[in-house]
Undergrad: 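Please see the structure below; I have some questions.
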Amino acid sequence: MDKLLELRQALGKAIDDLNTDSIIGDETLYKAKEAEITDLLGQIDRLERARKASANLARPVNPAITGGSTLPAVEDGALSDVGAVAVAARAQHSWTDRDYVREARSVLGFQFDGEQHFRSFGDQLLAVYQHYNPTQRVTDPRLKLAPNTSIRAPSGAAVSDPTSGGFLVQTDFSTAIFARAYSVGEILKQTQKLTISNDANGIKIPGIDETSRATGSRWGGVQSYWVGEGTTVTPTKPKYRLIELDLKKLMSTMYVTDEMLRDASVLSTVAMQAFSEEITFMTEDSVYRGSGSGMPLGFLNAPAKVTVDKETGQAAKTIVYDNILNMWSRMWGRSRSNAVWYINQDVEPQLYSLSQVIGTAGVPVYLPPNGISGNPYGMLFGRPVIPVEYAETLGTEGDISLVDMSQYVLADKGGVQAASSMHVAFLTDEMVFRISYRVDGEPIWHAPLIPFKGTKTQSPFITLASR
């Protein structure tokens, strides 16, 4: 039997023993079992490093990167690994799961080694299935346990968390899954995205506490004075606040058939697409309307949102020109060049009927896609109109929104950093896989802005009240 496989099986048995009542009830036995687990982790780590060193000696110097992409490796300060792959993907229109994996390997500088890496996501899922299948219980040495900080060996390796554990998704596959999500998600790709480190579960971002442009309030309290010679002024200083993001867990599950388990290629394609689209849907829906409790805070529930009232006497379930004009007038001036309209498709017939009266005639307000606008999306006031399934139906607040998503921050563990937070495991003896994704987000603004001159507040997040 392979030595690494033998050690991993021994580790699995030791972990199972650790969670038995007899061991938990006896402190001496518990400490002895912990020591045994630590020793096995150390042996596994040393053996893996020795094999990796041996494999490196067998490779040519400066080997070619798998995939042959022209994208350079991501450096500090550049796009995240996930973002770099997503940018490349958006330039294509027919990428498959293999294309995403190939690009992820190129961006990561990932050098495939058959002894340490799985060739496809489907191959890894099959290995996970074999580990949890009670009739097989074979652990592939290429599987890596998801860490748990409660029991950590000096080498940095760790035991899986029995309540949520499983195996780490290979970094090229995890990057590909999230890159696909960010390349197809209309909302996600417009947010301000942060990737946090492996050891962090949240982030605090300093921001200027500015809610008014009145003199003495800009930058939270910075003020300038026109002074004469010898005149003194009152010192002022900016006011800051903290944007605190604590990662929330999004768990996606997928049941598979026996037929699918027999074909790693089909399993890889279906799983990559299914998990990517489900992660996209749930995350974007929370960015749109999340409560902020156990999930990101959506702009519909954000304190900074401005809701424009309906017109006096306006009929139910309608949108009129003055609604659009008033929404546009409340959009913060600096956000207008980034703003987009999100709508429910029920709204489209209303947009086609909008016109601005000029004398005895009128001109259309809404320019449909690929027509007069010459754009893939319709246009209102020069900004794209994007149908999304998260928008409310016609007549309810959220059916049409004007937002600048660059003023929304989303933090997660993506790319290489996602390894410790993204893992696969069985929930029951049924054939079901689970992916865990850690993410949080909220608008950067915490209140609407009072303009320097004028009476109506402004914001990057504008909605129309229910009608």
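All residue numbers refer to positions in the sequence shown, counting from 1.
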Undergrad: Run the side-chain hydrogen bond (donor to acceptor under 3.5 Å, both in side chains) test against Thr393 and tell me which residues pass, sequence neighbours left out.
TA: Asp346

Undergrad: Is there a donor-acceptor contact under 3.5 Å linking the side chains of Ser120 and Gln124?
TA: no

Undergrad: Will you find, in the side chains of Thr457 and Arg330, an N or O donor that is under 3.5 Å from an N or O acceptor?
TA: yes

Undergrad: Relative to the ring of Phe299, is the ring of Phe461 parallel (under 30°), tilted (30 to 60°) or perpendicular (over 60°)?
TA: parallel

Undergrad: Can you check whether Ile319's main-chain N or O pairs, donor with acceptor, with Asn323's side chain at less than 3.5 Å?
TA: no

Undergrad: May I ask you to decide if His117's main-chain N or O and Arg119's side chain share a donor-acceptor pair within less than 3.5 Å?
TA: no

Undergrad: Quick one about Asn326 and Glu311 (side-chain donor to acceptor, distance below 3.5 Å, no hydrogens or angles considered), yes or no?
TA: yes

Undergrad: Determine the interplanar angle of the Phe381 and Trp341 rings, folded into 0 to 90°, and report it as parallel if under 30°, tilted if 30 to 60°, perpendicular if over 60°.
TA: tilted

Undergrad: Is a side-chain N or O of Arg438 found less than 3.5 angstrom from the main chain of Asp412, in a donor-acceptor match?
TA: no

Undergrad: Looking just at side-chain N and O atoms, do Gln190 and Glu186 make a donor-acceptor pair shorter than 3.5 Å?
TA: no

Undergrad: Is there side-chain contact between Trp445 and Trp332, with heavy atoms separated by less than 4.5 Å?
TA: yes

Undergrad: Could you tell me whether the side chains of Glu284 and Tyr390 share a donor-acceptor contact shorter than 3.5 Å?
TA: yes

